[in-house]
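Reading through the structure tokens given below for one structure.
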There are 2 protein chains.
Amino acid sequence: MTVTIKDVARRAGVAQSTVSLVLNQKENIHEQTRLKILKAIKELNYHPRRSARGLATRKSNNIGFILNTQFFTQTEPFYTKVFLGASFEAIKHGYYVLLASVDDNFDPKKSLPNFLLERHVDGVVLAGRVPDSIITYIRQQDIPIVLVDYRVDHFATHAVLIDNLNGAYEAVSHLINQGHRRIAFVGGSCHHPSIQERYDGYKKAIGVLGSHNELNDKLVDLREEESSPQIGFDSTKKLLSLKPRPTAFFTVNDAVAIGCIKALRQSSLRVPEDVAVIGFDDVEWGLHMDPPLSTVRVFKEELGATAARKIIHIIQNKTTVIEKTIIGTELVIRESCGGMRTKDKYEF
Amino acid sequence: MTVTIKDVARRAGVAQSTVSLVLNQKENIHEQTRLKILKAIKELNYHPRRSARGLATRKSNNIGFILNTQFFTQTEPFYTKVFLGASFEAIKHGYYVLLASVDDNFDPKKSLPNFLLERHVDGVVLAGRVPDSIITYIRQQDIPIVLVDYRVDHFATHAVLIDNLNGAYEAVSHLINQGHRRIAFVGGSCHHPSIQERYDGYKKAIGVLGSHNELNDKLVDLREEESSPQIGFDSTKKLLSLKPRPTAFFTVNDAVAIGCIKALRQSSLRVPEDVAVIGFDDVEWGLHMDPPLSTVRVFKEELGATAARKIIHIIQNKTTVIEKTIIGTELVIRESCGGMRTKDKYEF
DNA sequence: TTTATTTTATAAAACCGTTTCGAAAATGAC
DNA sequence: GTCATTTTCGAAACGGTTTTATAAAATAAA
């Protein structure tokens with residue numbers, strides 16, 4: 001029924017081990033027999049079966065992609081894009097990506113992605129904040145790891161990261177250059193390193209370009225919860241009570257920006273005429289918001305693709321030297337941060 | 001190093017075949033030896049290796065998920081959600097989902113998802129419109145198929161479908177009940193069966209609840225291209241030139257609704273005061289639009305989950321009787337279709 | 001009770017479709 | 001003709017499942 005390496009060998013008149021050798025591009029195959037075998041392969045339309053190969057080589061040619069369950073409940077499928085990027089890049093290299101999720105409070109002794117137990121993956125990509133315990137567990141199994149958009153300082157791990165610092169720096173610089181002096185930093189979860197870095201970029205811009213006494217803790221609203229439009233709304237409402245009120249809002253991501261703009265509108269403030277807003281991430285619908293949202297573009301698919309390339313490289317080369325790759329961002333100026341009116345500029 | 005079935009057998013003092021028997025829950029195992037073996041399994045933390053199992057059983061315990069490449073370029077990750085639904089449902093049943101995409105003009109002789117060639121999946125889910133040729137090919141390989149959000153009338157295939165007809169019917173009925181008499185049907189690709197069905201639902205509602213001469217071809221704008229905000233914008237602009245202009249717009253999906261509302265706004269028409277809009281799909285950001293978009297909710301994850309359950313069932317039971325499952329929709333009334341003002345009601 | 005027969009539980013062997021490795025065969029150089 | 005060097009081969013893994021054989025236990029027949 002299904003054609004095996006044996007059939008190919010028979011038709012080509014060679015041993016199956018020889019077929020295997022040409023299949024795996026090994027040395028020392030006489031060109032003539034190589035062609036003979038290739039011909040037989042083509043004629044029979046032969047394709048080696050993955051599980052057989054996997055058994056013999058102890059490689060699955062799959063890679064696992066694990067993320068925190070709670071990210072799925074988020075408004076914007078940020079990590080989904082990362083996954084897609086990884087998935088399609090992996091295919092190019094002959095790998096498939098298996099998706100799994102873990103809870104924040106997960107216990108390796110009780111529940112684990114099955115692909116880890118069944119040796120069904122050769123390496124895993126961990127996306128976003130994941131519990132330490134799973135990192136520890138996977139390392140014990142000697143399965144290579146690459147983190148995406150997450151770092152753990154006490155683990156030496158390969159990682160693909162967003163240039164949050166610079167992204168935020170550029171965004172806030174832009175606001176400063178437009179004359180803004182009271183720039184609020186709106187609502188993100190202080191637990192995620194990426195958010196911290198965005199905050200650092202904000203501070204740096206104000207420190208470098210503004211005057212230092214403009215670095216005002218009151219203008220910053222970091223939260224415990226995962227960022228969301230709701231958080232953005234609440235956060236903005238709170239920040240609007242400041243006197244004088246902020247003239248610009250740099251939000252920790254686009255989801256927060258949505259809530260932020262909603263709050264501004266509810267307070268009868270016009271964007272961008274009265275207040276400037278810049279988000280982060282560049283999600284699809286930012287373009288269609290009213291006004292179209294200025295933001296810091298994150299190359300989500302590229303993050304995933306890079307992680308895929310990296311884990312595959314590690315798998316194939318047993319690389320041991322740890323390296324972190326930082327993917328740049330791009331400031332996307334649309335309408336939500338338009339130039340300030342003269343009146344505002346001299347307001348304070 | 002890695003613990004195999006042999007180790008378990010040795011420790012339990014039985015033959016490995018016996019271990020295999022309890023692993024696979026077969027009959028005729030003395031309870032006492034069963035427990036003994038289970039104990040050994042637990043103590044050694046043994047997990048059968050997938051590729052070994054796969055080789056022996058000729059099953060991969062993977063399922064393939066194929067969709068049209070062009071859907072990835074679409075604004076809203078509709079099918080991505082379907083994929084996620086399928087993926088997580090599959091995990092519950094011990095399967096993993098492998099993602100692949102095919103071009104519209106793809107040729108099975110040249111390029112094929114590798115998992116098909118390498119017997120790496122036991123069945124596949126095809127999402128959205130896919131070329132006939134791939135369906136034909138997969139059937140030849142005797143690999144079970146389930147379609148999601150697609151139907152091909154000349155193939156008898158299992159399918160999971162959206163109740164587009166009823167969804168559209170309810171939405172348009174709602175508009176009619178609000179007093180609208182000139183309801184436009186805005187911009188979708190006439191090639192996708194789902195769009196056709198939504199159109200049918202629209203016609204049915206007007207036919208049943210309206211008067212028949214309100215069924216006016218001029219109010220309908222179907223396109224060749226895949227639906228998008230741009231299409232929605234163009235389509236709406238065109239429909240607005242009608243005299244008298246439509247008072248309500250039923251768009252073929254939410255992406256189109258975005259463009260539609262943008263066009264309305266550009267023509268200084270207020271939503272919902274001057275014009276009502278209802279979309280379809282219920283994408284994430286519809287809730288955050290201004291005004292929040294009324295729409296017909298499609299349970300995307302549920303579509304995927306159902307497809308996963310179905311394909312797994314077919315794989316395991318060799319079911320042969322074809323069945324189509326239709327998943328209901330839900331009319332979500334938000335603000336974009338609010339009641340009409342009295343003035344408009346009597347306008348014609 | 002003894003013997004034959006069936007049932008049940010376990011063991012042993014064959015198989016799934018590859019890769020790998022040591023040995024054999026072919027080739028070439030001297 | 002001998003010795004190296006290529007090239008090819010055969011058999012043994014890899015880690016499970018499945019089929020078949022066998023021993024032990026249970027049941028039925030004599």
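Just so we're on the same page: letters track the sequence lines, and every chain starts at 1.
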* **Ring centroid separation F78(A) to F83(A) under 6.0 Å** => no

Does [X] put a side-chain nitrogen or oxygen below 4.0 Å from OP1 or OP2 of [N]?
| X | N | result |
| --- | --- | --- |
| T57(B) | dC16(C) | no |
| N28(B) | dA9(C) | yes |
| R49(B) | dC14(D) | no |
| K26(B) | dT17(D) | no |
| T18(A) | dC9(D) | yes |
| N24(A) | dT19(C) | yes |

Identify which nucleotide among [options] has an atom closest to any side-chain atom of [X], counting heavy atoms from C-beta outward.
| X | options | value |
| --- | --- | --- |
| A15(A) | dG16(D), dA11(C), dC9(D) | dC9(D) |
| A56(B) | dG15(D), dT19(C), dT10(C) | dG15(D) |
| I29(A) | dT8(D), dT17(D), dT10(C) | dT8(D) |

Euclidean distance, atom [atom1] of residue [X] to atom [atom2] of [N] [Å, nearest integer]:
| X | N | atom1 | atom2 | value |
| --- | --- | --- | --- | --- |
| Q25(A) | dT19(C) | CD | C1' | 15 Å |
| R53(A) | dG15(D) | CZ | P | 18 Å |
| R58(B) | dG17(C) | CZ | C1' | 9 Å |
| E118(B) | dT19(C) | CD | P | 11 Å |
| Q16(A) | dC21(C) | CD | C1' | 14 Å |
| K6(B) | dA11(C) | NZ | P | 15 Å |
| D7(B) | dC14(D) | CG | P | 11 Å |
| R50(B) | dC16(C) | CZ | C1' | 18 Å |

* Check: dG16(D) base within 3.5 Å donor-acceptor of S20(B) side chain -> no

* Asked: Hey, does the side chain of D7(B) reach the backbone of T4(B) with a donor-acceptor pair shorter than 3.5 angstrom?
  -> yes

* Asked: Between Y96(B) and N114(A), is there a donor-acceptor pair closer than 3.5 Å when you use the side chain of the first and the backbone of the second?
  ->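 Side chain of Y96(B) to backbone of N114(A): a pair is present.
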
Identify whether any heavy atom of [X] sits under 4.0 Å from a base atom; if not, whether one sits that close to sugar-phosphate; answer base, sugar-phosphate or nothing.
| X | answer |
| --- | --- |
| T4(B) | sugar-phosphate |
| S51(B) | nothing |
| K59(B) | nothing |

* Distance, nearest 0.5 Å, that separates CD1 of I138(A) from OG1 of T157(A) ->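 If we round to the nearest 0.5 Å, I138(A):CD1 and T157(A):OG1 are 11.5 Å apart.
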
One thing to verify: whether [Y] and [X] come together as a salt bridge, which I'm taking to mean a side-chain N less than 4.0 angstrom from a carboxylate O.
| X | Y | answer |
| --- | --- | --- |
| K310(B) | E89(B) | no |
| D149(B) | R129(B) | no |
| E31(A) | K36(A) | no |

* Degree of bending, the helix from dT1(C)-dA30(D) to dC30(C)-dG1(D) (end axes from five pairs; round to 10°) -> 50°

* Side chain proximity check, R119(B) to R50(A), heavy atoms < 4.5 angstrom -> no

* Does V14(B) or S17(A) map to a spot on DNA chain C nearer the 5' end, using the closest nucleotide for each? -> V14(B)

